[in-house]
There are 2 protein chains.
Amino acid sequence: MAVDAPSDLAVVLRGHGYRLTSPRWLVWSVLRSAGGHLTAEEIALEVNAADPTINISSVYRALTLFEDLDLVRESHLGIDDSARWEVAHPDDHFHMVCRQCGGVDHHEGELVDQIRSHLGDHHDFRAENIDLVVTGVCSDCAN
Amino acid sequence: MAVDAPSDLAVVLRGHGYRLTSPRWLVWSVLRSAGGHLTAEEIALEVNAADPTINISSVYRALTLFEDLDLVRESHLGIDDSARWEVAHPDDHFHMVCRQCGGVDHHEGELVDQIRSHLGDHHDFRAENIDLVVTGVCSDCAN
DNA sequence: CTCCTTGCAAACCGTTTGCAATCGA
DNA sequence: TCGATTGCAAACGGTTTGCAAGGAG
């Protein structure tokens, strides 16, 4: 199910016995509009722009809950030592981190699919999650 | 250069203005004999078996230094929240983490090379480091 | 003899947790 | 109503750092 509106999120939450609250909704909408790669602190900053009373611990709790429900995904991109979060996308994708500008590109495409089938064919390993982080220099910075 | 003996490590270190010390040598030999995937705490434990006076902060300092010299590599395998270290291997490889037994397999082969050339061909991105962590169920646990 | 390196302990910082008050359904 | 959820503040755990003592070259 696509989770676009508060009522959709509420359905998913209630289906698992959880409630829709304003911290949860705000965290969810920040993640959706940002398109991913946010730290908990960055999320809290945006959430607090809408409601300054919301504590960062509720942001962490919402993120943990959303991860359990497969709504978001945590990754360690190596930009710093903190975790980053993005909306769980059904399509496979991978991250390209530029060592110079720090930018993170988000690529979908055949590559992750190729990796997945390679693993099944050559390694007898049922891959559930493929976390590919490529570090290097992006085309903008290479010039 | 292969760094196998204390004298070899000393050459690398002195070549960059650093000294060979016993904490550094012990951290290096633990990493070499373990074949990778150790946390700083695990390294400190083994180092302390040889010399209980060595502090974990020296382990961290040695690891950071070795990383700067491209002798070791840090990775976040998602087993827990702490970093893990392995000897930097010139050959490309990737990690397969089993969700059930927690085992980490270490695979060399054509896969990472294929990824690297795909990135050059399709994405105009000069990949320096390719960090591929595959989570799933290994063949032992699948039965 | 120099000054790089260490052990120690305290600081640091992202994240988690216990608890009483609050709020959603 | 009533239990899930929150804000707060304190705890937590991995990692880093300041400093004086110690050790390599």
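Order of the sequence lines sets the chain letters (A, B, ...), proteins ahead of strands, with each chain counted from 1.
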- For B:L20 and C:dC3, what is the distance between atoms CG and P respectively, to the nearest whole Å? 21 Å

- Scan A:R61 against the nucleic acid and name what it touches under 4.0 Å (heavy atoms): base, sugar-phosphate only, or nothing. base

- Query: How long is the line joining CG of B:D51 and P of C:dT5, in whole Å?
  - Reply: 18 Å

- Message: Tell me if the centroids of the rings in A:H106 and A:H93 come within less than 6.0 Å of each other.
- Response: yes

- Message: What's the closest nucleotide to the side chain of A:S58 if the choices are D:dG23, C:dG14, D:dT6?
- Response: D:dT6

- Just checking B:T39: base, sugar-phosphate only, or nothing, at a heavy-atom cut-off of under 4.0 Å? nothing

- Of B:E41 and B:T21, whose nearest nucleotide on DNA chain D comes first from the 5' end? B:E41

- Task: For the pair B:R24 (side chain) and B:R19 (backbone), establish whether a donor and an acceptor sit closer than 3.5 Å, ignoring hydrogens and angles.
- Result: yes

- When the distance from CD1 of B:I56 to C1' of D:dG14 is rounded to whole Å, what number comes out? 8 Å

- Taking atom P of C:dC3 as reference, at what distance in whole Å does atom CZ of B:R14 sit? 13 Å

- Task: Round to the nearest Å and state the distance from A:R19 atom CZ to C:dT22 atom C1'.
- Result: 11 Å

- Item | Criterion side chain to side chain contact (heavy atoms under 4.5 Å, CB included) against B:L132, the qualifying member of A:D131, A:V112, A:I130 | A:I130

- Closest to side chain of A:S82, choosing from C:dG7, C:dT15, C:dT6: C:dT15

- Message: Without decimals, in angstroms, what is the distance between B:Y60 OH and C:dA9 P?
- Response: 17 Å

- Query: What closest approach, in Å, do A:W85 and A:A40 show between heavy atoms, and which atom pair accounts for it?
  - Reply: CD1-N, 4.2 Å

- Query: Which nucleotide, C:dT5, C:dT15, C:dT17, lies nearest any side-chain atom of A:S57?
  - Reply: C:dT17

- Rounded interatomic separation in angstrom, taking CD1 from B:I43 and P from D:dG14: 14 Å

- Item | Separation of atom CG in B:L65 from atom P in D:dT15, rounded to whole Å | 17 Å

- Task: Using only heavy-atom distances, determine whether the side chains of A:H95 and A:H107 contain a donor-acceptor pair under 3.5 Å.
- Result: no

- Task: Assign each of A:N55 and B:A83 to its nearest nucleotide of DNA chain D by heavy atoms, then name whichever residue's nucleotide is nearer the 5' end.
- Result: A:N55

